[in-house]
Amino acid sequence: MGAVDQRAVAASTAPLVALLGNPNCGKTALFNRLTGARQKVANYAGVTIERKEGSFTSAGRSYRLLDLPGAYSLNAHTPDEAITRDVVAGLRAGEAAPDAIVFVVNATNLRLNLRLVLEVQRLGLPMVVALNMMDVANKRGIHIDTARLAQELGVPVVETIAVQSGGEKALVRALDALDLSERVAPNPLSAIDAVPVEETQREVRRILDAATSHAHDTGNLTEKIDHVVLHPVAGPLLLAAIMFLVFQAVFSWAQVPMDFIKNSVDGVGQLLGAHMPEGLLRSLLVDGVLFGVGSVLVFLPQILILFFFILILEDCGYLPRAAFLLDRVMGGVGLSGRAFIPLLSSFACAIPGIMATRTIQNPRDRLVTIMIAPLMTCSARLPVYALVIGAFIPDREVGGVFNLQGLVLFCLYFFGVSSAMGVAWFLKRTMGGSGKQPLMLELPAYHWPHMHNLALGLWERGRIFLTRVGTTILTLMVIVWFLSSFPGAPEGATQPAIYYSIAGMLGRALSFVFAPIGFGWQICIALVPGMAAREVAVGALGTVYALSQAGDLENSLMPVLAHSWSLPTALSLLAWYVFAPQCLSTLSVVRRETGSIRYSFIMAGYMFALAYAASFITYRLALYMVAH
Ligand SMILES: Nc1nc2c(ncn2[C@@H]2O[C@H](COP(=O)(O)OP(=O)(O)OP(=O)(O)O)[C@@H](O)[C@H]2O)c(=O)[nH]1
Ligand SMILES: [Mg+2]
């Protein structure tokens, strides 16, 4: 998006147009279409939480375009709604009010959207109304008399389809036709509050009667599907079945591409090994970079498969239904329904998840949600889980249908979620709860996933992963290699050189702390750089064992681990990774979002304590079971 930013700077005198509207009406999709940006769109409310600026040019005129969080009203109830209100009313420090507003309306739900249109209109800024989702409205036989609506509102009204190329044309034409030569200052917000709500409602009804007819609204498929999906018995069963299949697929579909990546990495390693003289440089390239980075890289297919499913479920509109089904559980531990989206985002990464808690109204609810977000299994844990599962859990069928490895992965995710619920319950009790909050979540209409959305989303996940591998992980791997290679082994050494290295000494010192939960010094070496980013632990293990093995390149990491660790150690490491706060960026975002370092410490403290306890119990139980 660098290009977009640069254009934005160049065009800083261009008129500023703000996209405004209810949540989930397609503002970001329109923004992307107009500016060529690739911001996230998803089929549920509250995806955009910060203002984003871009620019575009039409008919020789440049525009700056603002994407804003959706709002139901200008009397802001949540922090993200407050951003929207302050931006359009020109109340943000150091930022002028927009020169014009594009009000995006979900054409299939005009009734709900019109109130805010009327409120915003009272600001007195030049405005165009974009009736978006016209494709869906047409399919459902909803007829809107655009000309009449424009006449009633006194502003231009155009039809758009934000998900179709060219679907934004009418909007651009309407913008070009606006007279923006004179800057208009918005009326104060008090002008909006001065009009009683009932009067606005009456006006909404009048306009609806005049401009719409539902003569042949074909009823809708969404209701029929929801009959099953939200059914009290069938619904949860379906949810469980879907999640189960997803985790199965992560293991059973990934084998071929994973083998391919592994073989390529091995091939390059052998090539380097054959053509480079034995020495430090070869060791750095092969043991450090290639073996370290390669052992993380092989998990790309599994991450993509997981997100393939999450993105489909997201785009078709299933995920908010899952929130509905889980509301009982969430409400039972005192979480607000609004917590669902932040928690869901945390499955990708806790950082956007924690930022998304800005949509939560009650500060105490928000804090609890922030505190448990890192317990949701972020995608950085997947490589660790997949490595240990691949090495220790036999790839066989259970009950004739289920893949045992997929089953174990499912359980790990389940532990993450249920412990998050437990912690939330505990925090709510100790902080004094605010009682159960009803879930106020709008259910979007179902639609087929847009292939374009899906491709973009996968590309985005892949890019994030590969960038991490190429930057953070690569850098840390070089450091790990360095610390693991120097100083070399002394005269008459009985152990591999890494045992005597700086990392080896550190690992051995730490292993006093970790011996009770079954971690030897090699694991301890990997835990330290793993603090910066979880996947690094996998890479570090790759390097550590490559160095310990003295040149045995053909062995991939999994068999080496299976040979070096006991099963109780492996299980204990899995338990550790469910809980341990192995991510410094998360802790720093917590400080930023709560405005206090205190919560970062509390978070790190409680998660380490849980991790140690869980690993201890797992390790001891497993030892006992292996012995008997
Ligand atoms: N069929 C159809 N789907 C659309 C259209 N515009 C947007 N969508 C879909 O509607 C969903 C919501 O779009 P977003 O652009 O994320 O909505 P938003 O207004 O930015 O939502 P918030 O940021 O949460 O306020 C996505 O699944 C889009 O693919 C449209 O014109 N037609
Ligand atoms: Mg948005």
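Atoms within each ligand, like the ligands themselves, are counted from 1 in listed order.
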Completion exercise
For Ala29, the ligand 1 atoms with a heavy-atom partner under 4.0 Å come out as 7 (C), 15 (O)
Handout entry: Distance filter under 4.0 Å to Thr28 heavy atoms, resulting ligand 1 atoms
Key = 15 (O), 18 (P), 20 (O), 23 (O)
Exercise for the section: Pull out every atom of ligand 1 sitting under 4.0 Å from any heavy atom of Asn132, numbered as shown with elements. Expected result: 5 (C), 6 (N), 7 (C), 31 (O)
Handout entry: Proximal candidate to atom 8 (N) of ligand 1 [heavy atom criterion; set Lys52, His450, Glu314, Met133]
Key = Met133
Practice task
Report yes or no: do Asn453 and Asp315 form a side-chain donor-acceptor pair below 3.5 Å?
Solution key: yes
Handout entry: Heteroatom proximity flag, Pro69 to ligand 1, N/O under 3.5 Å
Key = no
Practice task
Please say whether Ile161 places an N or O atom under 3.5 Å from an N or O atom belonging to ligand 1.
Solution key: no
Fill in the blank from the handout: When every non-hydrogen atom of Pro342 is compared with those of Ala339, the smallest separation belongs to CD-O, 3.2 Å
Problem - Which residues share a salt bridge (charged side-chain N to carboxylate O under 4.0 Å, His left out) with Arg92, sequence neighbours left out - result: Glu95
Handout entry: Asp135 contact mode with ligand 1 (heavy-atom cut-off under 4.0 Å)
Key = side chain
Problem - His447 neighbourhood, listing ligand 1 atoms whose heavy-atom distance to it stays under 4.0 Å - result: 27 (O)
Practice task
Taking atom types as modelled, find out whether Asp176 and Tyr63 have a side-chain donor-acceptor pair closer than 3.5 angstrom.
Solution key: yes
Completion exercise
Taking only non-hydrogen atoms of Asp315 and a 4.0 Å limit, the atoms of ligand 1 in range are 27 (O)
Problem - Numbered atoms and elements of ligand 1 in range of Asn453, under 4.0 angstrom, heavy atoms - result: 29 (O)
Problem - Check: Arg366/Thr357 side-chain N/O donor and acceptor closer than 3.5 Å - result: yes
Problem - Pair Glu53 + Arg51, salt bridge at N-O below 4.0 Å - result: yes
Handout entry: Distance (rounded to the nearest 0.5 Å) between Leu19 CG and Thr28 OG1
Key = 8.0 Å
Practice task
Measure the CG-OG1 distance between Leu118 and Thr200 for me, rounded to the nearest 0.5 Å.
Solution key: 6.5 Å
Handout entry: N-O pairing of Glu81 and Arg85 below 4.0 Å
Key = no
Problem - Short N-O contact, Glu198 and Arg202, less than 4.0 angstrom - result: no
Practice task
Report yes if some N/O of Leu68 lies less than 3.5 Å from some N/O of ligand 1; otherwise report no.
Solution key: no
Fill in the blank from the handout: Under 4.0 Å from one or more heavy atoms of Gly70, ligand 1 contributes atoms 25 (O)
Exercise for the section: May I ask you to check whether Asp226 and Tyr446 show a side-chain donor-acceptor distance below 3.5 Å? Expected result: yes
Exercise for the section: Using non-hydrogen atoms of the residue, decide whether Gly21 is closer than 4.0 angstrom to ligand 1. Expected result: no
Problem - 2.8 Å cut-off (strict), protein N, O or S atoms about the Mg ion (ligand 2) - result: 2
Exercise for the section: Could you tell me whether Met134 and ligand 1 have an N or O pair separated by under 3.5 Å? Expected result: no
Handout entry: Asn22 side chain to Ala71 backbone, donor-acceptor under 3.5 Å
Key = yes
Handout entry: Within-cut-off N or O pair, Asp67 and ligand 1, under 3.5 Å
Key = no
Problem - Distance-minimising heavy-atom pair for Leu311 and Gly457 - result: CD1-C, 3.5 Å
